[in-house]
Every structure is written in structure tokens, then in C-alpha cells.
There are 2 protein chains.
Amino acid sequence: MFSKTCEYAIRAVLYIAQMSKNGDKVSIKSISKGIDSPEHFIAKILQELSKKGLVQSLKGPTGGFYLSEQSKKHSLADIVRAIDGEKIFTGCGLGIGQCSEEFPCPIHNDFKMIRKKLFDLLQKTKVNEFNNQLEMQLAFLKKNHN
Amino acid sequence: MFSKTCEYAIRAVLYIAQMSKNGDKVSIKSISKGIDSPEHFIAKILQELSKKGLVQSLKGPTGGFYLSEQSKKHSLADIVRAIDGEKIFTGCGLGIGQCSEEFPCPIHNDFKMIRKKLFDLLQKTKVNEFNNQLEMQLAFLKKNHN
DNA sequence: ATTATAAAAGATATTTTTATCTTTTATTAA
DNA sequence: TTAATAAAAGATAAAAATATCTTTTATAAT
Ligand code: FES
Ligand code: FES
């Protein structure tokens, strides 16, 4: 569905949202452990998200990642778009050049609806809306949550 | 959504279904042109589908690919499973080790429904059901259909 | 000012996916 | 039975995704 990079990205942002909700900053080490991803790889991904304004960061001691008020309101769709691009939202399910009504692939009509539902889900879901569930361990960002 | 390999695979099988419906066999060259895919690459993919019994083939002059009565009844889900595996049907949208009710990721409930709808679509869709649409150019398997 | 810290940036490596090329095998037609 | 045809099989290559390592820059604490 999403690239691995994108999966990491979403999980990282949700983790930052939860861990920084009281003004703390979150280190790459903490994120890497918190979502069970390779440390250097998630660092690269966050660099990219930071450039695109989806997360904020500060260097140096007491530094780390956090979310501005604006970033807290971003949707999962924004993250997916930043990492994987538009393809999943607008592309043809069978990979013919373009998805269009004029020259539809065989599954166009059904696929379009599913694609739309996926988009709606991601669009309506904001990155800060799971803070409590995550804290209360009703939702998880990695397999082994000990 | 699907790997490029899987997209080619589905398009190839739909193409074979349509082109072989009157008992003809379809060559790799024809398939490659018909779905706009690299010739050697689609050859490899069809080899795999052939091994798994999703398409039939015969070597030599007048040889080519075709579908047995059984293969005509296969679903798109069968093809996806053969090429991309189960992940898209059962895996977690955020890529945590496993999708489970006990340790759900934040989007588990919504994602599960979309995943299910996708599966249902692919499961109910049989490879021979587009023959007429394809023939009448009401559906397409490549961008430039001239 | 100096040192320690942590992210940014840049370089490199590995793995997987996608694609191509060559040789072999099966089948048919002549 | 020979030659031609077309897929199967195997080997290799190129590109993209994933992962790691090193150096630099910004910031804060001392
Ligand atoms: S053309 Fe394939 S999904 Fe629209
Ligand atoms: S745990 Fe993520 S989709 Fe089920």
C-alpha cells in the first residue's frame, strides 16, 4: 500500500505528536526505539519531513523533534503525499499511464471508490488525534511494546 | 498499491483472456504490445503465473498463452496473491509487524475496512469478465490504444 | 569561550525491484 | 527428420528503495 519509508514516516509523526504534546522535544534515538525503525533511516526521513514543514526540529542539547500548532493539524494524507506522492490518490490501480474516465481500465469504477475512501480516511485523520490512545496503550506503533 | 510487476500481471491475464477467448493462443510479443510492457519482463512474469497455474502455455509454432476453463474463473485476488503475496490483504497499513485486534495500530479499524473492500473487489472480479468491454473498447489496458 | 549534544547534510552500501540478454527445451510445420 | 517457432530457464544489468556511516552545523550548558 504505502512504501516502507512512508509507513515509518507516519508512525514517527504520530510518535512525535504524542511524546511532544507537553512541549518536550523528541530525539531520533527515542523515535527510532519508539516506532522500531532503523535510527539513521528515520533520521533521513525526518529531515525530509522537516524540510517540508510537517515536523519541526531544533539542534543541540535539549534539541529534538516536535510539532508546531500548525503541524499538529496536518493530516496523514499530507504525510503520504510528502513521501509517496499523489500516485496512491489519483493513479490507476492497474498502472496504465493515467486514470481517466475517457479511457478507464477494467477496474476503474470500483477502484476509484476504494481509492476515494482511502483518501478520505487519511485526509480526515489528523496527526494529533491519537495522543491519548497511544498514551493509554490502546493503540500501538510497533510490534513489541514493552 | 500493487507492485508494477503485479500491475503488468493483471493486465496481461486480462489481455490473454480477451484475446484467447475463441481458442487462439497469444504470444508474448502480442501481450507486450497489447498492454504496453517490456517484452522480456512480461515473459518472466508469465513464466511465474504459468508455474502457479494461473495461465496456460504451449511452446513452439502456433504456441502461446491461453486460459483453461479453470483459469478463466480465477479472480484478480488470485493474481495479486501470486505476485505480491498476502500483505495487501492482511498486513498493517502502518507496517507494524502484524495487524491484530489485540495490538492495533492507530488507523487499524478504518484501514481494516478499506483493505476488506479492496479484497472483496478483487475476489469477486474474475479474469474473463471484461472480455466484451475490452473488445468494444469500453475498457483499456494501456494508455495509447491505437 | 569551550564543550557537549543533537539534527542536517553528504557519502556510501546493501537489498529489492525492474528490466534485458542469452541459451535451452518443447512443439509444430514442412 | 529438419528447420522454424515460441516459451522456459538461466544469467546479467540497471534502477530504485532501504539502510548505514561520516562529517558538518546549530544550539545550549558549563
Ligand atoms: S483507469 Fe484504472 S483506476 Fe482509473
Ligand atoms: S494493526 Fe495496523 S491495520 Fe491492523
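Below, chains carry the letters A, B, ... as their sequence lines are ordered, and counting in each starts from 1.
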Between [atom2] on [N] and [atom1] on [X], what's the gap in Å once rounded to a whole number?
X	N	atom1	atom2	value
B:I35	C:dA19	CD1	C1'	14 Å
A:I45	D:dT18	CD1	P	8 Å
A:I42	C:dA6	CD1	P	18 Å
B:K52	D:dA8	NZ	P	15 Å
A:E39	D:dC21	CD	P	10 Å
B:E48	D:dA7	CD	C1'	15 Å
B:F2	C:dT17	CZ	C1'	17 Å

Ignoring backbone atoms, establish whether [X] has a side-chain N or O less than 4.0 Å from OP1 or OP2 of [N].
X	N	answer
B:K4	C:dA19	yes
B:S57	D:dA8	yes
B:S50	D:dA8	yes
A:T5	D:dT18	yes

- prompt: So, does the side chain of A:Q47 form a donor-acceptor pair with the base of C:dA9 at under 3.5 Å?
  reply: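 Per atom types, the contact qualifies.
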task: Flag the pair B:I45 / B:I42 as yes when at least one side-chain heavy-atom distance between them is below 4.5 Å, and no otherwise.
output: yes
field: Side chains of B:L49 and B:I83 in contact at under 4.5 Å (non-hydrogen atoms)
entry: yes
Residues within residues 76-90 of chain B bordering DNA chain C, heavy-atom distance below 4.0 Å: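 DNA chain C contact set from residues 76-90 of chain B: none.
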query: Which of residues 8-28 of chain A have a heavy atom under 4.0 Å from DNA chain C?
result: A:V26, A:S27, A:I28
- prompt: Just by distance, with hydrogens left out, do A:S30 and A:S27 show a side-chain donor and acceptor under 3.5 Å apart?
  reply: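 There is no such pair between these side chains.
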- prompt: Hydrophobic clusters join Ile, Leu, Val, Met, Phe, Trp and Tyr when side-chain heavy atoms are under 4.5 Å apart, directly or via other members; which others share one with A:F103?
  reply: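 Answer for A:F103: B:F140.
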query: Using a cut-off of 4.0 Å between protein heavy atoms and nucleotide atoms, how would you tag nucleotides 22-30 of chain D 5' to 3' with B, S and -?
result: B--BBBBS-
- prompt: Pairs in or reaching into residues 40-60 of chain B: which pass ring-ring contact (aromatic ring centres under 6.0 Å, His included), with residues at least two apart or in two chains?
  reply: B:Y8-B:F41
query: With nearest nucleotides of DNA chain D determined for A:C6 and B:K44 from heavy-atom distances, which residue corresponds to the more 5′ nucleotide?
result: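 That would be B:K44.
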- request: Give the intermediate values and the outcome of side-chain contact (heavy atoms from CB on, under 4.5 Å) for residues A:L46 and A:I16.
  value: CA-CA 11 Å; A:L46 287 168; A:I16 295 169; 3.9 Å; yes
- prompt: Looking at B:R81 and B:D78, does any basic side-chain N land under 4.0 Å from a carboxylate oxygen?
  reply: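 Yes.
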- request: Not counting sequence neighbours, list each pair that qualifies as a salt bridge (charged side-chain N to carboxylate O under 4.0 Å, His left out) and has a residue in residues 132-142 of chain A.
  value: A:K21-A:E135
message: Hydrophobic clusters here meaning ILVMFWY residues chained together by side-chain heavy-atom distances under 4.5 Å, can you tell me if B:V127 and A:I96 are in one?
response: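 No.
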task: Heavy atoms only: give me the nearest B:C92-B:R115 pair and the separation to one decimal.
output: N-NH1, 4.4 Å
- request: Give the C-alpha distance, both sets of side-chain angles, the deciding distance and a yes or no for side-chain contact (heavy atoms from CB on, under 4.5 Å) between B:N128 and B:L67.
  value: CA-CA 9 Å; B:N128 68 340; B:L67 301 183; 5.8 Å; no
